[in-house]
2 protein chains.
Amino acid sequence: MARRQLAPPSDLHLTVAKRLRGDGQRYTSNRRALVEVLELTERPLTIAEILERDPRLAQSSAYRNLSVLDSCGVVRRIVTDDEYARYELAEDLTGHHHHLICSQCGRVEDFTISPQLEASLERAFKRVTARTGFTAEHHRLDLVGSCSRCG
Amino acid sequence: MARRQLAPPSDLHLTVAKRLRGDGQRYTSNRRALVEVLELTERPLTIAEILERDPRLAQSSAYRNLSVLDSCGVVRRIVTDDEYARYELAEDLTGHHHHLICSQCGRVEDFTISPQLEASLERAFKRVTARTGFTAEHHRLDLVGSCSRCG
DNA sequence: CTCAGTGCAAAGGATTTGCATGCCG
DNA sequence: CGGCATGCAAATCCTTTGCACTGAG
């Protein structure tokens with residue numbers, strides 16, 4: 001099994017541990033390693049990228065643990081037109097943001113918009129859901145195009 | 001081969017035919033059948049749903065033709081967290097809109113927001129792309145939650 | 001005739017799962 | 001000790017592709 005040295009538990013890890021425990025899940029070293037990889041990167045990563053960054057991780061366990069972390073609200077799974085899914089820390093751990101998606105290479109970067117604009121969007125969503133009987137959990141705003149290196 | 005009766009060519013089909021021809025592609029009866037299925041439905045459909053609606057279509061040809069129609073800008077491929085891709089007519093044929101995505105059953109419905117809000121978004125995007133060197137092609141705004149039947 | 005389009009069946013490939021083993025609580 | 005976590009390998013399943021055939025121009 002992949003074993004890693006101890007590090008002082010940060011707020012993030014305490015929060016994650018609590019969230020997992022709330023779902024009857026353990027915060028194992030493999031799961032901690034996944035969170036640490038995602039914590040260190042400021043953009044969503046594919047499984048392959050995650051495994052590159054920590055080669056001790058087994059692929060199948062990474063899939064399984066990311067799925068658990070997703071269920072517990074610790075990470076978020078992002079799918080684009082690209083053939084790989086990507087993962088990032090959940091928004092309530094890192095802050096609400098949106099994605100720049102490169103349609104050439106699949107790379108995903110974060111961006112934010114003003115709180116005022118977010119508020120306008122929320123008001124518009126309220127009107128839509130009131131009209132349709134749809135219950136909204138969250139919204140997703142992506143900008144699709146070419147990143148600076150593919151551009 | 002799936003053969004279907006003639007129908008008076010509408011504006012839509014003339015536009016599609018022209019767009020295909022512009023890419024050196026033919027507007028065959030199978031491709032027309034796909035466009036007709038999508039024209040009749042007001043929400044994005046999975047391949048399986050398309051084949052249900054016109055059982056004469058062969059699965060592999062549907063995949064291939066939808067891919068061609070996508071390249072020519074006639075249809076748009078939509079991926080969500082759901083396991084199936086979905087297809088709808090391109091926005092310039094039906095109008096700009098956004099998607100309500102049911103995280104339970106995967107169903108996707110359309111909605112629109114006010115032109116004023118769209119304009120505000122565009123201005124925000126301009127600022128982001130100016131800052132990041134990203135070239136934007138289009139944006140995507142989804143509302144994720146539960147549809148009325150999954151409620 | 002020629003060549004793109006078609007349909008069947010088989011291959012691809014990201015993701016999931018079965019199972020034996022290891023480790024945490 | 002008991003049960004979840006792990007990792008390897010095999011299975012899944014949406015999607016793509018090879019190939020022989022058909023039909024439009």
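Any value given below was found using the heavy atoms of this structure, including those in side chains, with hydrogens, waters and symmetry copies removed. Nothing here was measured: the structure is a model prediction, and the numbers come from that model. Per chain, numbering begins at 1; letters A, B, ... match sequence-line order.
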For atom CD1 of A/Ile50 and atom P of C/dT15, their distance in whole Å:
11 Å
Between C/dT6 (P) and B/Arg26 (CZ): distance, integer Å
9 Å
Could you check whether the side chain of A/Arg64 and the base of C/dG18 have a donor-acceptor pair of N or O atoms closer than 3.5 Å, going by distance alone?
yes
Among C/dG18, D/dT15, C/dT6, which nucleotide has an atom closest to any side-chain atom of B/Thr28?
C/dT6
Roughly how many Å is it from CD in B/Glu83 to C1' in C/dT16, rounded to a whole number?
11 Å
Looking only at side-chain N and O atoms, does B/Gln59 come under 4.0 Å of OP1 or OP2 in D/dT16?
no
With hydrogens left out and only the distance checked, is there a donor-acceptor pair under 3.5 Å joining B/Arg32's side chain and the base of C/dG5?
no
Short side-chain N/O contact from B/Asn65 to OP1 or OP2 of C/dT6, under 4.0 Å
yes
When the distance from CG of B/Leu69 to P of C/dT6 is rounded to whole Å, what number comes out?
10 Å
Side chain of A/Asn30: nearest nucleotide among D/dG7, C/dT6, D/dT15?
D/dG7
Between A/Arg31 and B/Ser61, the residue closer to the 5' end of DNA chain D by nearest nucleotide is A/Arg31
Please compare A/Ser67 and B/Gly24 by the position of their nearest nucleotide in DNA chain C and report the one closer to 5'.
B/Gly24
Below the 4.0 Å mark, does C/dT16 have OP1 or OP2 next to a side-chain nitrogen or oxygen of A/Tyr63?
no
Side-chain N or O of A/Arg77 closer than 4.0 Å to phosphate OP1/OP2 of C/dT15
yes
We want to know whether A/Glu109 and A/His97 form a side-chain donor-acceptor pair, criterion being a heavy-atom distance below 3.5 angstrom.
no
Would you kindly say whether A/Glu122 and A/His139 are connected by a side-chain donor-acceptor distance under 3.5 Å?
yes
